[in-house]
Amino acid sequence: MQDADATAAFYRSLGLVVIETSYLVQVYVGAQMINFHQPSLWQQESFTLRAPEATPPCGDLCFVWGGSAEALKATLDGARAEIIEGPVPREGGRQAAGTSVYVRDPDGNLLEFIIYDEEGERAG
């Protein structure tokens, strides 16, 4: 990430738990965690625990939204996240039909929020 303060504020405004350290901004999505590396870390040549050519914005993340489309829009509006595409039909990681909305975080990472049809039961 480029701007730790903006990144932390954005993900907090989505209702997620955010913990900031001197090297990371950790964003908790349920039992999962996303690590955003502070510039002071990822700009060090000695830091190799990342994609070799990764520089912000390089993220493309998909979140399953458990609420309604209206609640998602209200949450994104509250975070001042501009919808760049959607709602559009998609098949998500559960291999089931859903509806997705796409936004960008303050660093420009692409975020997809998918709402599964019929509770996202696996196809087939």
Side-chain angles (χ1 to χ4, degrees):
M1 82 189 128
Q2 297 284 356
D3 186 333
D5 292 336
T7 298
F10 176 79
Y11 286 96
R12 279 190 183 106
S13 71
L14 294 176
L16 301 174
V17 173
V18 176
I19 297 175
E20 297 177 71
T21 73
S22 59
Y23 292 107
L24 298 169
V25 170
Q26 298 170 308
V27 177
Y28 289 86
V29 184
Q32 308 301 313
M33 178 181 65
I34 302 166
N35 286 326
F36 291 97
H37 301 124
Q38 295 272 12
S40 61
L41 178 63
W42 67 260
Q43 291 173 350
Q44 294 176 26
E45 285 187 36
S46 62
F47 179 64
T48 59
L49 197 55
R50 61 178 173 85
E53 301 301 322
T55 57
C58 60
D60 182 351
L61 309 171
C62 180
F63 299 98
V64 175
W65 183 261
S68 68
E70 295 78 17
L72 175 58
K73 182 171 182 343
T75 299
L76 295 175
D77 287 347
R80 294 189 174 108
E82 178 184 350
I83 295 173
I84 58 173
E85 186 171 345
V88 293
R90 292 287 189 260
E91 183 175 307
R94 293 182 181 174
Q95 298 176 337
T99 302
S100 291
V101 171
Y102 295 83
V103 301
R104 293 199 182 274
D105 73 6
D107 271 342
N109 294 301
L110 183 65
L111 308 181
E112 174 185 2
F113 292 87
I114 188 167
I115 300 172
Y116 282 106
D117 302 336
E118 316 289 312
E119 298 196 27
E121 292 186 16
R122 203 173 273 277

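Being a predicted model, the structure only gives us computed values, none of them experimental.
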Looking at side-chain heavy atoms only, is the closest gap between Thr7 and Val18 below 4.5 Å? no
side-chain hydrogen bond (donor to acceptor under 3.5 Å, both in side chains) against Glu112, all qualifying residues, sequence neighbours excluded: Ser100, Tyr102
Leu110-Val88 co-clustered via ILVMFWY side chain contacts under 4.5 Å: yes
So which atom in Leu24 and which in Gln38 form the shortest heavy-atom distance, rounded to 0.1 Å? N-CG, 3.5 Å
Is there a donor-acceptor pair under 3.5 Å between the side chain of Gln44 and the backbone N or O of Ser40? yes
Would you list the pairs meeting salt bridge (Lys or Arg N to Asp or Glu O under 4.0 Å) in which at least one residue belongs to residues 28-38, sequence neighbours left out? none
Please name the pair of heavy atoms, one in Cys62 and one in Ile114, separated by the smallest distance, quoted to 0.1 Å. SG-CG2, 3.8 Å
Applying side chain to side chain donor-acceptor pair (under 3.5 Å), which residue pairs with at least one partner in residues 18-32 are found, sequence neighbours left out? Arg12-Glu20
Flag side-chain contact, heavy atom, 4.5 Å: Val64 against Arg94: yes
Which residue pairs satisfy the salt bridge (Lys or Arg N to Asp or Glu O under 4.0 Å) criterion with at least one member in residues 26-37, sequence neighbours excluded? none
Partner set under side-chain contact (heavy atoms from CB on, under 4.5 Å) for Leu14, not counting sequence neighbours: Phe10, Tyr11, Leu16, Thr75, Leu76, Ala79, Phe113
How many angstroms lie between CD1 in Ile115 and OG1 in Thr99, if you round to the nearest 0.5 Å? 7.0 Å
According to the side chain to side chain donor-acceptor pair (under 3.5 Å) rule, which pairs have a member within residues 78-88, sequence neighbours left out? Glu85-Arg90
Just verifying a value: how many Å separate Leu111 CG and Ile83 CD1, rounded to the nearest 0.5 Å? 12.0 Å
Step by step, would you call Val101 with Trp65 a side-chain contact (heavy atoms from CB on, under 4.5 Å)? CA-CA 10 Å; Val101 171; Trp65 183 261; over 6 Å; no
Is it possible for you to say whether Val29 and Val103 belong to one hydrophobic cluster, with membership spreading through side-chain heavy-atom contacts below 4.5 Å? yes
When rounded to the nearest 0.5 angstrom, what is the spacing between CG in Leu61 and CD1 in Ile34? 5.0 Å
